[in-house]
Amino acid sequence: MNKPVLGVIIGPTAVGKTTISIEVAKRMDAEIISADSIQIYRGMDIGSAKPTIYERKDIPHHLIDIVDIDASFSVAEYQGLAQACIADTYSRGIFPIVSGGTGLYVNSLIFPLDFATIPADEALRSSLNELENTTPGALHDMLRMLDEKAAVRLHRNDRKRLVRAIEICKLTGSTMDSIGGDFANKAKKEIPYEPVIFGLTMQREALYERINTRVDAMMSAGLLCEVRRILENGYDPQLTALQGLGYKQLILYLHGKYTIEEAVNAIKMETRRFAKRQLTWFKRDQRIQWIDMGLISQREAVDIITDAFTIAGR
RNA sequence: GCCUCGGUAGCUCAGUUGGUAGAGCAAGGGACUGAAAAUCCCUGUGUCGGUGGUUCAAGCCCACUCUGAGGCA
């Protein structure tokens, strides 16, 4: 029995996913499901490079503007919403295209990942962080007692993951292994669709050039006003959402920690590094068919992807 | 024209009494299961401005030379 096809378009920031995805969707009367951890936030438009209302008017886009900036959100929630969204498009006879650059969000759909059902426990988290501050290495030692295998896998400095692992162990009394699957998919679980994945890429130098240009464009489009407005609305600069590229650095500028030039340069630099990390993330998924956007035109890329999606979908 | 101080990694610089170099940042590589634009790990990068000389041995000493900054005239 054939599983329905899921179109997936991934790639580093600024490579041109938005345009390509929309063009492919137009040709196929498809709908787009965003896999972007910043575009989910209402009010973060310019800095997150959200497709504009105009770009979205012909093609329904899902999972953009779904929460407020101070909402707590997680991959697990994303996975649930996206799976429901995908199921809904199938039921309406529509082809779904997942498009985005947040590796973990994408993987939550194209790997059979089961996230532990334990929500965040802020009190536990802050006390664990406190403990690590006073006794460095304490978290790793603690996890070793609770879940030897998880402790081996995590570096002793990787605070966030150590905290999360301890959180799960403490609240369930069991280990990570017994709760979830893993990337290697040893459990041989299956996802309910057949992903056809295209990765957009480009020579590093060209990509970096595009990033620099795009950051300048964001500044002329009024990113600073957007950031100012967010702060005026009373949002705490410490919020996870506001650690996003462009927001974090402009907040530092507004707080007088940076000159405007320094802030803009920092945005460019950190965006380049982010793109590198995205590439590292996606590199290991052998199913991805890579398209070098430096070698072919946008139109050709759209042709290739549309054809592949269409043929697979038959 | 003279004097002084510089020229060492992509950048800013360190380099002991001569034993062919090292920090930070940048960069590259990697990890990633409910914060992921987050978090974390690893790694070099060299005609020491050039040419001669002294020396077993020169980034370091000497001469010449190119070049930058400042000062004096």
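Owing to the predicted nature of the structure, the values given are computational and were not obtained by experimental measurement. Convention: sequence-line order gives letters A, B, ...; per-chain numbering from 1.
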* Identify, between A:Arg159 and A:Phe282, the residue whose nearest nucleotide on RNA chain B lies closer to the 5' end. => A:Phe282
* Asked: Of A:Met218 and A:Ala76, whose nearest nucleotide on RNA chain B comes first from the 5' end?
  -> A:Ala76
Within the 4.0 Å heavy-atom criterion, would you say [X] contacts the bases, only the backbone, or no part of the nucleic acid?
{"X": "A:Arg272", "result": "sugar-phosphate"}
{"X": "A:Lys248", "result": "nothing"}
{"X": "A:Ser48", "result": "base"}
{"X": "A:Arg277", "result": "base"}
{"X": "A:Gly47", "result": "base"}
{"X": "A:Phe73", "result": "sugar-phosphate"}
{"X": "A:Tyr105", "result": "sugar-phosphate"}
{"X": "A:Arg204", "result": "sugar-phosphate"}

* To do: Could you measure between the two C1' atoms, the one in B:C48 and the one in B:G18, and give it in whole Å?
  => 15 Å
* A:Thr280 side chain near B:G30 phosphate (N/O to OP1/OP2, under 4.0 Å) -> yes
* Do any side-chain nitrogens or oxygens of A:Tyr208 fall under 4.0 Å of OP1 or OP2 in B:G28? -> yes
* Less than 6.0 Å separating the ring centroids of A:Phe309 and A:Phe95? -> yes
* **A:Tyr78-A:Tyr105 aromatic ring centre distance below 6.0 Å** => yes
* Counting heavy atoms from C-beta on, name the nucleotide in B:U39, B:C40, B:A35 closest to the side chain of A:Arg161. => B:U39
* Give the ring-plane orientation class for A:Phe282 versus A:Trp290, where under 30° counts as parallel, over 60° as perpendicular and anything between as tilted. => perpendicular
* Asked: Any idea which heavy atoms bring A:Ile59 and A:Glu31 closest together, and the distance?
  -> CG2-CA, 4.3 Å
